Number of protein chains: 2
Amino acid sequence: MREVMKKMDIEMKLRGFEDRCRHNGLKVTPQRTAVYKALIGTDTHPTAEKVCKIVRQDISSISLDTVNRTLLTLAEIGAAFQVEGTGQPRRFDGGLEDHQHFRCIKCGKIVDFHYEPFDNIEIPVHLQGQFQIMRKTVYLEGICQTCSATTSS
Amino acid sequence: MREVMKKMDIEMKLRGFEDRCRHNGLKVTPQRTAVYKALIGTDTHPTAEKVCKIVRQDISSISLDTVNRTLLTLAEIGAAFQVEGTGQPRRFDGGLEDHQHFRCIKCGKIVDFHYEPFDNIEIPVHLQGQFQIMRKTVYLEGICQTCSATTSS
DNA sequence: TACTATATAGGGCTTACTCTTATATTCTTA
DNA sequence: TAAGAATATAAGAGTAAGCCCTATATAGTA
């Protein structure tokens with residue numbers, strides 16, 4: 001019974017995915033579908049490399065480049081998203097005072113801001129047992145003024 | 001007057017930095033000091049590459065590897081830190097329901113959790129004009145159970 | 001001043017990605 | 001349902017970030 005439910009759920013998601021592709025003028029290819037399926041079938045926040053390995057069980061000839069490109073496409077059409085901050089070179093910060101970060105997804109710029117209520121977010125108790133938390137922050141992503149000005153022109 | 005204050009401030013930080021090095025059994029080298037100075041002299045969250053360019057104005061022969069290593073060292077002794085999530089391969093997430101991420105800084109594992117109060121953090125008004133915010137999340141870093149078990153042994 | 005431990009420069013290597021191009025596939029519309 | 005146009009894919013070369021190794025140099029110490 002459980003299994004049947006799961007299967008139906010996946011079928012529904014796939015249907016929705018195909019619609020989403022078409023609405024965005026994207027073709028529904030076996031590769032795209034397989035990448036999407038692999039991604040929703042895991043909760044491990046995989047890299048392109050890992051997704052590629054999974055997909056190759058079905059489509060052995062798929063290239064890593066296609067997987068990577070497809071994942072990026074999925075993020076663009078809102079069928080998935082990129083885990084915050086990953087995929088960029090390492091960056092450092094010499095400001096040790098309490099502050100938070102905003103990152104522009106177009107130009108990659110990181111801007112400090114400080115909003116006192118964010119300094120001491122309360123961590124739910126059930127996590128405190130599970131992890132040794134060393135850092136907690138509110139992290140914002142979006143488009144900065146410069147980039148939104150450039151885009152609209 | 002302002003300038004003088006700034007200079008004193010930097011001097012103080014440098015003094016503190018040297019102490020911090022010694023307390024951690026690290027030698028105070030011109031390279032280390034220069035990297036630290038470059039980092040606290042900017043608010044742009046630079047990559048190792050950028051810090052290297054700045055430092056080379058003083059020490060033209062410094063290698064990128066040294067800069068990178070030094071920045072990592074600064075983070076270890078708490079004289080700086082690494083911007084959350086940067087420096088890792090891109091990762092994707094197919095779960096579109098509201099949730100937040102914890103990332104283990106040892107093994108890199110990313111774990112989902114969900115704490116409803118975090119779903120709709122209020123963004124301060126002064127930021128709403130400045131940025132077009134597309135995503136906001138609470139992001140936690142620390143050490144997971146597996147890793148803290150391994151480390152203690 | 002000399003000795004020991006640690007740091008650095010340099011260069012080669014790996015990994016994660018990106019770009020280019022020729023071929024293949026989807027979707028449309030006639 | 002066949003043909004054409006637009007888009008996607010595979011493959012492979014190219015690039016950027018970061019890591020590792022080793023010989024030399026330097027800081028801290030006694």
Side-chain angles (χ1 to χ4, degrees), chain A residues 14 17-38 45-53 55-56 58-77 79 82-83 85-92 105-108 110, chain B residues 14 17-38 45-53 55-56 58-77 79-80 82-83 85-92 105-106 108 110:
Chain A
L14 280 177
F17 171 67
E18 290 178 9
D19 284 350
R20 206 190 272 267
C21 282
R22 283 192 249 274
H23 283 143
N24 286 275
L26 297 178
K27 291 176 179 171
V28 177
T29 66
Q31 287 89 339
R32 262 182 199 150
T33 309
V35 166
Y36 177 73
K37 225 160 126 182
H45 315 84
T47 59
E49 176 90 44
K50 274 197 192 146
V51 174
C52 191
K53 269 188 193 150
V55 174
R56 277 192 175 152
D58 284 338
I59 307 178
S60 63
S61 65
I62 198 169
S63 72
L64 176 57
D65 186 49
T66 295
V67 173
N68 204 36
R69 205 170 359 86
T70 302
L71 287 166
L72 252 14
T73 306
L74 296 190
E76 267 173 34
I77 65 173
Q82 201 179 316
V83 175
T86 61
Q88 318 172 234
R90 219 171 3 220
R91 290 177 175 232
F92 295 90
I105 56 169
K106 292 253 174 191
C107 66
I110 291 168
Chain B
L14 280 177
F17 170 67
E18 290 178 10
D19 284 350
R20 205 189 273 267
C21 282
R22 284 192 248 273
H23 283 143
N24 286 276
L26 298 179
K27 291 177 178 171
V28 177
T29 67
Q31 288 90 337
R32 260 181 200 153
T33 309
V35 166
Y36 177 72
K37 227 160 127 183
H45 314 85
T47 59
E49 177 91 45
K50 275 196 191 146
V51 173
C52 191
K53 271 188 192 149
V55 174
R56 277 191 175 154
D58 285 337
I59 306 177
S60 62
S61 66
I62 197 170
S63 73
L64 177 56
D65 186 50
T66 296
V67 173
N68 203 37
R69 205 171 359 88
T70 302
L71 287 167
L72 251 16
T73 306
L74 296 190
E76 267 173 35
I77 64 174
Q82 201 178 319
V83 174
T86 61
Q88 319 172 231
R90 213 163 17 212
R91 287 174 173 237
F92 295 89
I105 56 170
K106 292 252 175 192
I110 290 168

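Proteins get letters first, then strands, A, B, ... in listed order; numbering begins at 1 in each. Keep in mind that this is a model prediction, so the values were computed, not measured.
- Taking every heavy atom of both residues into account, B:Phe17 and B:Ala79 meet most closely at CD1-CB, 4.2 Å.
- Rounded to 10 degrees, the angle between the two end axes of the helix from C:dT1-D:dA30 to C:dA30-D:dT1 is 30°, with five pairs used at each end.
- To the nearest 0.5 Å, the span separating CD1 on A:Ile62 from NZ on A:Lys53 amounts to 15.0 Å.
- Across the interface with DNA chain C, nearest-nucleotide mapping of B:Arg91 and B:Arg32 shows B:Arg32 to be the residue nearer the 5′ end.
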Its contact letters, B for base, S for sugar-phosphate only and - for none at protein heavy atoms under 4.0 Å, make nucleotides 25-30 of chain D read --BS--
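- One finds the OG1 atom of A:Thr86 at 10.5 Å from the NE2 atom of A:His45 (value rounded to the nearest 0.5 Å).
- Rounded to whole Å, atom C1' of D:dA16 lies 14 Å from atom NZ of B:Lys50.
- The distance between atom CD1 of A:Ile77 and atom C1' of D:dA8, rounded to the nearest whole Å, is 14 Å.
- The minimum heavy-atom distance linking A:Cys21 with A:Val28 is given by the pair CB-CG2, 4.0 Å.
- Across all their heavy atoms, A:Ala38 and A:Val51 have their closest contact at CB-CG1, 4.2 Å.
- Separation of atoms CZ (A:Arg20) and CG (A:Leu26) is listed at 11.5 Å; rounding is to 0.5 Å.
- B:Thr73 OG1 to B:Asn68 CG: the interatomic distance, rounded to the nearest 0.5 Å, is 9.5 Å.
- With rounding to whole Å, A:Gln31 atom CD is found 17 Å from D:dT7 atom P.
- For A:Ser60 (side chain) and A:Arg56 (main-chain N/O), no donor-acceptor pair under 3.5 Å exists by modelled atom type.
- For DNA chain C, the residues of residues 58-73 of chain A within the heavy-atom distance limit of 4.0 Å (strictly under) are A:Asp65, A:Asn68, sorted by number.
- Smallest separation of non-hydrogen atoms from B:Gln31 and B:Thr66: CB-CG2, 4.3 Å.
- Rounded to the nearest 0.5 angstrom, B:Ile77 CD1 and B:Leu72 CG are separated by 12.0 Å.
- Checked against ring pair (Phe, Tyr, Trp, His ring centres under 6.0 Å), B:Phe92 has no partners two or more places apart in sequence or in another chain.
- Remark: side-chain polar atoms of A:Arg90 are not paired, donor with acceptor, to backbone N or O of B:Gln82 under 3.5 angstrom.
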Taking N or O atoms only and anything under 3.5 Å, show me the protein contacts with nucleotides 12-16 of chain C, one pair per line.
none

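- For B:Thr47, the side chain to side chain contact (heavy atoms under 4.5 Å, CB included) test picks out A:Pro89, A:Arg91, B:Glu49, B:Lys50, with sequence neighbours left out.
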